[in-house]
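We count ligands from 1, going down the list as the structure has it; atoms in each ligand are counted the same way. Note that these values count all heavy atoms, side chains included, but never hydrogens, waters or copies made by symmetry.
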Amino acid sequence: MNEALDKARAFEEQYGPFIPAEQRPAFHLTPTIGWMNDPNGFSRYQGEYHLFYQYYPYSTEWGPMHWGHAKTRDFLRWERLPAALAPDQPYDRNGCFSGSAVELPNGKHLIVYTGVCKHLAEDGRTVETQTQCLALGDGVNYQKYSKNPVLTQADLPEGGSPVDFRDPKIWQEPDGSFRLVVGNRPADNSGAVLLYESPDGMDWHLVGQVDASHGQYGMMWECPDFFLLDGKQVLLVSPQEMSPVGLEFHAGNGTVCIIGSYDKAENRFVREHIQAVDYGIDFYAPQTLEAEDGRRIMIGWMQNWNTVAGKPRDCRWFGQMALPRELSIENGRLIQKPVRELEQYRRNPVSYQDVVLNNQEINLHNVSGRMIDMTLNIRPMGEAVYDCFRVSLARDGEFVTTIRYKPDTSILKIDRTRSGSNADIVHTRSLLVRPQGGVLQLRLILDRYSVEAFVNDGEQAASVAIFTRQEAAAISFEASGSLILDVTKYDIVMD
Ligand code: FRU
């Protein structure tokens, strides 16, 4: 009956244990085996947080999409569950693409996902259609809905593409009804977000368009999310084929946060501010949930389509989730901080205050490691502006990942050129930061195969995947000119 799913479950059960725990990140989720991309179905269900993901267990390349599955109570310690969906129906036989989930009043977990189906057109070309489909489950096993698909080409506005119609994000309204946003390619061939409504989560109809790219912020808008945050309405989208804009948006697949106001009765979203979500190299397709205590928590795929060729040769898993982040809005901008639960796993504190660096490079006793949470405060010495500050991470004689800051331009540059990948992909990214009174704060979180930088208490975030061998664990600090540095470092231990 569920042949494809049974096969995937048997495969992951048999081969998942072949990957030793120390060859994975300790607190970032990786696929049970094989390939992972977008986070899916990030939701609260019966007192726990569930996270599904785009999954192809049989290789470390993207393939016909399944949904992998895990759950957590604290966003850091993940319990693996068997794969939840496999492509096994006429409407999703070429893939169960991204989607989301919500707990229904009757205690069921409702998944809404994109079914992909390819067929041969009369002119000999292969045509793909994408439709929105449902599955109902109990937190482990999910049954696809007999009336799938529930949203098809017939539910699109005029000119909407049935080929690029994907990634529904569902939520429940205070009045008990349900809404979802979904990405679509409108008649102008760029990107748009459509809004649908349902009394019960099962029967859906179009409300209208929420916002659109008009070719300005990339083309097809993938993986939308739409939520209230600190009195503002936030629209997250992951556009394809973006044009670069200064140091704010890089070319290719990006992440865009649009903050505005929303008139629900009129379905009118008015933009007030637009910014990148993550300024690093590896971050895409983020999705949020509302935690039990009201926090808006976001998780993203800590990879990017433009860099997936950079994988190590003999890996058995590829793709990892970023550290979940708490979102807020301050001064009209998006603030992102690592989930506070991380602090429970901090061990072995080491702290240095007022370290003077004067045209030199230093190591600090006990400041090293590959599973760490480290905060740096960097400030000029007196009036003189220093030329450059550099922190080198995951370092040995051969490998190093660096973060460099130049106060004269306010540019922070992350460089993972020598971080274990020999692929000719993007290895550096620069971002414009805004130090407060000349003080730059950097919180750096390392978890074996990644570096996530949070600048100035969450004003900006930048993530990169690294592939450096674990023995490369040294950390050093370097200044051209004179500056003063504070360092606080903890090991993260998942005991
Ligand atoms: C985004 C995406 C989605 C799609 C999924 C397929 O990374 O392209 O639009 O649903 O990945 O795996």
Side-chain angles (χ1 to χ4, degrees), residues 8 31 34-42 51-69 83-87 91-101 111-118 128-135 149 151 160-170 180-186 190-194 213 217-226 235-242 252-256 277-278 281-288 298-309 318-322 463 465:
W35 164 278
M36 160 194 277
N37 59 288
D38 312 355
N40 293 158
F42 190 36
L51 178 65
F52 304 81
Y53 50 90
Q54 288 287 277
Y55 183 37
Y56 188 61
Y58 306 112
S59 103
T60 50
E61 302 290 330
W62 188 86
M65 281 290 108
H66 295 57
W67 276 36
H69 192 188
L85 300 177
Y91 50 83
D92 66 12
R93 63 169 180 253
N94 294 102
C96 300
F97 274 20
S98 284
S100 53
I111 283 176
V112 46
Y113 70 99
T114 299
V116 178
C117 167
K118 288 184 182 166
E128 187 172 303
T129 54
Q130 301 188 338
T131 57
Q132 315 319 317
C133 307
L134 304 177
L151 288 173
S161 161
V163 181
D164 287 300
F165 178 34
R166 59 180 175 274
D167 312 335
K169 174 73 198 312
I170 190 173
L180 68 79
V181 283
V182 59
N184 186 225
R185 192 184 286 272
S190 61
V193 171
L194 303 177
S213 159
Y217 295 98
M219 302 304 278
M220 171 64 187
W221 278 2
E222 300 189 308
C223 301
D225 200 346
F226 195 51
L235 176 64
L236 300 179
V237 289
S238 293
Q240 297 179 313
E241 301 171 69
M242 284 193 78
N253 289 74
T255 50
V256 175
V277 179
D278 192 282
I281 300 171
D282 299 299
F283 194 84
Y284 197 64
Q287 191 173 85
T288 70
M298 179 182 76
I299 192 164
W301 179 39
M302 198 159 38
Q303 270 300 331
N304 189 297
W305 290 109
N306 306 115
T307 56
V308 293
F318 185 73
Q320 54 182 317
M321 290 300 160
S463 313

Visitor: Tell me which protein heavy atom sits closest to atom 1 (C) of ligand 1, plus the residue, atom name and distance to 0.1 Å.
Guide: Asp38 OD2, 2.9 Å
Visitor: Considering only non-hydrogen protein atoms, determine which one is nearest to atom 8 (O) of ligand 1 and report residue, atom name and distance to 0.1 Å.
Guide: Glu222 OE2, 2.8 Å
Visitor: Distance-only, no hydrogens or angles: does the Trp221 side chain make a donor-acceptor pair with backbone N or O of Ser213 under 3.5 Å?
Guide: no
Visitor: Quick check: does any side chain N or O of Asn184 sit under 3.5 Å from a backbone N or O of Gly160, one acting as donor and the other as acceptor?
Guide: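 It does not hold such a pair.
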Visitor: Which of the atoms in ligand 1, numbered in the order shown and given with their element, are less than 4.0 Å from a heavy-atom of Asp167?
Guide: 3 (C), 4 (C), 9 (O), 10 (O)
Visitor: Any idea which atoms of ligand 1 are less than 4.0 Å away from a heavy-atom of Tyr284?
Guide: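 Counting from 1, the qualifying ligand atoms are 1 (C), 7 (O).
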Visitor: Just let me know how Trp301 lines up against ligand 1, side chain, backbone, both or neither, with a heavy-atom cut-off below 4.0 Å.
Guide: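 Looking at Trp301 and ligand 1, no heavy atom falls under 4.0 Å.
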Visitor: Mark yes or no for whether Asp92, through its side chain, and Gly115, through its backbone, hold a donor-acceptor pair below 3.5 Å.
Guide: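 Such a contact is absent between Asp92 side chain and Gly115 backbone.
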Visitor: Is a side-chain N or O of Gln54 found less than 3.5 angstrom from the main chain of Cys96, in a donor-acceptor match?
Guide: yes
Visitor: Does Asn253 approach ligand 1 within less than 4.0 angstrom via side chain, backbone, both or neither, non-hydrogen atoms only?
Guide: neither
Visitor: Show which atoms of ligand 1 fall inside a sub-4.0 Å distance from at least one heavy-atom site of Gln54.
Guide: 5 (C), 6 (C), 12 (O)
Visitor: For the pair Arg166 and Asp164, find out whether any cationic side-chain nitrogen is under 4.0 Å from an anionic carboxylate oxygen.
Guide: yes
Visitor: Do Trp62 and Phe97 have ring centres separated by under 6.0 Å?
Guide: yes
Visitor: Number the atoms of ligand 1 from 1 as they appear, then name those within less than 4.0 Å of a heavy atom of Ser98, with their elements.
Guide: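 Checking each atom against Ser98, I get 5 (C), 10 (O).
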Visitor: Taking only heavy atoms of Arg166, which atoms of ligand 1 are found under 4.0 Å from at least one of them?
Guide: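 This gives 3 (C), 4 (C), 9 (O), 10 (O) as the contact atoms.
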Visitor: What are the atoms of ligand 1, with element, lying closer than 4.0 Å to any heavy atom of Met65?
Guide: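 Those of ligand 1 that fall under 4.0 Å from Met65 are 12 (O).
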Visitor: Taking atom CG of Leu51 and atom CD of Gln287, what is their separation to the nearest 0.5 Å?
Guide: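 Going from the CG atom of Leu51 to the CD atom of Gln287 covers 8.0 Å.
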Visitor: Considering only heavy atoms of Trp305, which atoms of ligand 1 have at least one such atom less than 4.0 Å away?
Guide: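 Heavy-atom distances to Trp305 below 4.0 Å select 1 (C), 7 (O), 11 (O).
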Visitor: Should Asn37 be listed as contacting ligand 1, given a heavy-atom distance under 4.0 Å as the test?
Guide: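 Asn37 counts as a contact of ligand 1 under the 4.0 Å cut-off.
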Visitor: Name the one of Tyr55, Tyr56, Phe318 that satisfies ring pair (Phe, Tyr, Trp, His ring centres under 6.0 Å) with Trp35?
Guide: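 When ring pair (Phe, Tyr, Trp, His ring centres under 6.0 Å) is applied between Trp35 and each of Tyr55, Tyr56, Phe318, only Phe318 qualifies.
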